[in-house]
Amino acid sequence: MPLNIIVCIKAVVTDMPTARVVRTVDSLRLNLFDLPALETALQLRETHGGKVTVLSLGPPQAQPVLKEALAMGADRAVLVSDPAAAGSDTLATANALAAALSKLAPFDVVLFGTRTCDSDTGQVGPQTATIMNIPVICGVTRLAVSAQQAEVVRLLDQLVETYAVDLPAAFTIHPEGARSRDIGLMGLAAAFDAATVESWTIADLGLVPAQVGDAGSPTRVLSMQTVKRDRQCEFISAQQPEQQADELMRRLVEAGLVG
Amino acid sequence: MDVLLKEKHISIRRTVRAFCEREIKPVAGEIDRQARFPWEVADKMGPLGYFGIQVPRELGGAGLDSLSYAIIIEELSRVSGAVGLCVSVHNSVVLYPLLAFGSDEQKETWGRALARGEKIGAFCLTEPNAGSDAAGIEATALRDTDHYLLNANKVFVTNGGIADICLIFARTDPDAGHKGISVVVAERGTTGFVVGDLEDLCGMRANPVSSIRLYDCKVPLTNLLGREGQGLRIGMAALDTGRMGIAAQAVGIAQAALEEAVQYAGQRRQFGVPIEKHQVIRMMIADMATQVDAARLMVYRAALLKDRGLPFSQEAAMAKLFASEAACKVTDLAVQVHGGYGYSKAYAVERYYRDARVTRIYEGTSEVHRMVIAKGVLGK
């Protein structure tokens, strides 16, 4: 049975922000946590046939990142881009993605990375699935589809869980779920010379500006600061290893770290 | 933000860098120490298009432009000069002349296999008595009824130890001076085709540079590239493109050295502060960054001229001269920033320092490039 697979991806800023984040074509790249999701989608298509669509919410500068996803093997790329969406938090992002997914329906499988390497919340996948009212399983390391069902394995700290779930369903793919393929130069050339990224506005999705962007976001990031670690190196000057060990133990006990 | 690059080029840089960081960087130091060509990397690069960067897609290549080519060579060389060298030579001085001067059949037979990396190419011009003076070639390719009989002693052949398809510069007419030189293709495995010992070189050690000797090696007449007597023209055209590759390679090595120096200067503490706080180190970093930037812009300009179909020979020569000299200065400064550690094989800048040196020598020495540039400026 050919599958209609949608992978929600994000163009992220990986450099540490020092002031306001400026998104340019060179400062954005595909979220590393999305790569296993995209790879899983491509493998599912190889097994079952069908189509892989990548979907993203972001500024127009994110377009080359979507073309890289096409170069990796995706069939179709959709970028929801609208000035009204600027400043969207995870819920507003999920609103926009859910509306876009409805427009792309019917689909069988929706995949996400477990989180993004910039804002790092891990919320967008489950939030989008909840808005869509479809099942979601997070941290999936193996995904097998048969008929209208998926059998998935997910990894927790000390547990491996196996689920059966009806499709359509959403999954976030664990970083160990798949090692992504390298993008070839032929694919890049074809993506940039011939392929197009479809661009949708908020209005195209039937949303109003109040549902997305700053206006649609219940949370606000007030400030961001780098953590300063004040670490000091201490030397133990005792001559013999035994004395050094005793001295180390004494200091650890004194510091309340052992004992 | 780069003002010269289009989105496509930015994506190519990003993608190639990701590949290099994941697949090549982890082995770059080891393959240098072991003087081993990384087949495990080359086998991955073939299907991805690295061996046919500018080869048309209908021949199985990636069909990219010269600017993309420069960016790719720069990025490969940023992690491994030796891998960058292999790919540069294969693409620029083997595939380029094959595509520019080869027959349709030659392009189909050799071009396709080379573009996929199923076969590796080498450019065999240098001999014990001919290098900068290319017209001094002594190798011969004498026409018999249905074949050429090749006799040659080619030295310092980049990719020599792994090459399947070699462009041999040889005299088809020993009495015709520089007009008697032609390019004939010799394939490894042909009787009389002998790969000499690998050179024990200062840098670029993961590239199997060797001599290639041909003893009464019979090849079909159809192995002639272009026409008889066209050898030096083909060679010069190949070297124009080759210069750009070596210039891009020098930029990549210099960039890597700059990055290592910046990182080390932020970590190493002396006199109570990271050495990046010391003015003398800051001056070095400023000089290094400026040299790398200028060299990169010169390479991009030569590539952009070529992509627009404009003359680029002079600009490519200037880019190669400047970038190779810059790479030597920058890697030298990177070693200096590292102090004693920079002189140790435990730190990558030691490799960059060795790798950079040859960029001033091969594909035309700095001195030959000055001759070429002066002729361009003075018109004689």
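Numbers restart at 1 for each chain; the letters A, B, ... are given by sequence-line order, proteins then strands. Nothing here was measured: the structure is a model prediction, and the numbers come from that model.
Heavy atoms of B/Thr15 lying under 4.5 Å from chain A belong exclusively to its side chain. When heavy atoms are compared at a cutoff of 4.5 Å, B/Leu64 approaches chain A solely by way of its side chain, counted from C-beta outward.
Heavy atoms of other residues, nucleotides or ligands lying less than 6.0 angstrom from CD of A/Glu46 number more than 12. No more than 12 heavy atoms of other residues, nucleotides or ligands sit less than 6.0 Å from atom NZ of B/Lys277.
In terms of heavy-atom proximity, B/Arg57 sits nearest to A/Ala189 at NH2-CB, 3.5 Å. Of all heavy-atom pairs between B/Ala62 and A/Leu185, the closest is CB-CB, 3.7 Å.
Of all the listed residues (A/Ile183, A/Leu30, A/Asp182, A/Leu188), the one sharing the greatest number of non-hydrogen pairs under 4.5 Å with chain B is A/Asp182.
Side-chain contact between A/Val65 and B/Arg14 is present, with heavy atoms from C-beta onward closer than 4.5 Å. Residues A/Arg29 and B/Arg17 are not in side-chain contact: their nearest non-hydrogen atoms beyond the backbone lie 4.5 Å or more apart. For the pair B/Lys6 and A/Pro64, the minimum side-chain heavy-atom distance is 4.5 Å or more.
We find the NZ-CD distance between A/Lys67 and B/Glu7 to be 6.5 Å, quoted to the nearest 0.5 Å.
Taking non-hydrogen atoms and a 4.5 Å limit, the residue list of residues 39-49 of chain B in contact with chain A, ordered by number, reads B/Pro47, B/Leu48, B/Gly49.
Using a 4.0 Å cut-off between a side-chain N of Lys or Arg and a carboxylate O of Asp or Glu, A/Arg181 and B/Glu23 do not qualify as a salt bridge.
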Apply side chain to side chain contact (heavy atoms under 4.5 Å, CB included) to residues A/Ser180 and B/Arg22 and explain how you reach the verdict.
CA-CA 11 Å; A/Ser180 61; B/Arg22 182 159 92 163; 3.6 Å; yes
Pair A/Asp26, B/Arg13 - check salt bridge (Lys or Arg N to Asp or Glu O under 4.0 Å), show working.
CA-CA 10 Å; A/Asp26 344 12; B/Arg13 181 190 294 289; over 6 Å; no
